[in-house]
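Scroll down for the structure; my scribbles are underneath it.
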Amino acid sequence: MNESEARRRELLRQTRKLYQDSSDIPAVHPRYGRIYHNLYGNEDTEPEKESSSFYLRLVISILCFICFVFMEQNKTEVAEVNSDVIVNEIEKDIDINTVAESWKSL
């Protein structure tokens, strides 16, 4: 390899390094920045963990079920409501139009 070829290779390496700098993202509108990072990733930061409320909802539902079973077994009333009233409210048919009107009024 002669001196001219070595110089060309060095210039090519420098040019590639200059234009392939992955630390800077291209000019992306802020609205589309999240999409860009989801597609191409961002090596500088750790990926964000998506928060989920599934476990919180699961714990709340288990606690509600345990309270219901406790009320059923001990025939307990809380705020003048017993397990029979809860079952009746669950089994009650609802009118969809009434629900839609109440949502519209909110």
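Everything numeric in this text was worked out from a predicted model, so none of it was measured. When a residue number appears, it is its place in the shown sequence, counting from 1.
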- d(Lys75 NZ, Phe70 CZ) to nearest 0.5 Å is 13.0 Å
- Query: For Glu10, what residues pass the side chain to side chain donor-acceptor pair (under 3.5 Å) criterion, not counting sequence neighbours?
  - Reply: Arg13, Gln14
- Query: Can Glu5 and Arg9 be counted as an ion pair, charged N to O under 4.0 angstrom?
  - Reply: yes
- Query: Between Ile62 and Phe65, is any pair of side-chain heavy atoms under 4.5 Å apart?
  - Reply: no
- Does Val85 share a hydrophobic cluster with Ile90, counting links as ILVMFWY side-chain heavy atoms below 4.5 Å and allowing steps through other members? yes
- Can you name the nearest heavy-atom pair linking Ser83 to Met71, along with the distance? N-CE, 4.0 Å
- Message: Are Val78 and Ile66 linked, directly or through intermediate hydrophobic residues, by side-chain heavy-atom contacts shorter than 4.5 Å (ILVMFWY only)?
- Response: no
- Message: So, taking the atom named OG1 in Thr76 and the one named CZ in Phe68, what distance separates them when rounded to the nearest 0.5 Å?
- Response: 12.0 Å
- CD on Glu72 to CG on Asp84, rounded to 0.5 Å: 6.5 Å
- Can Lys92 and Glu89 be said to form a salt bridge (Lys or Arg N to Asp or Glu O under 4.0 Å), step by step? CA-CA 5 Å; Lys92 185 197 285 187; Glu89 287 297 320; 3.7 Å; yes
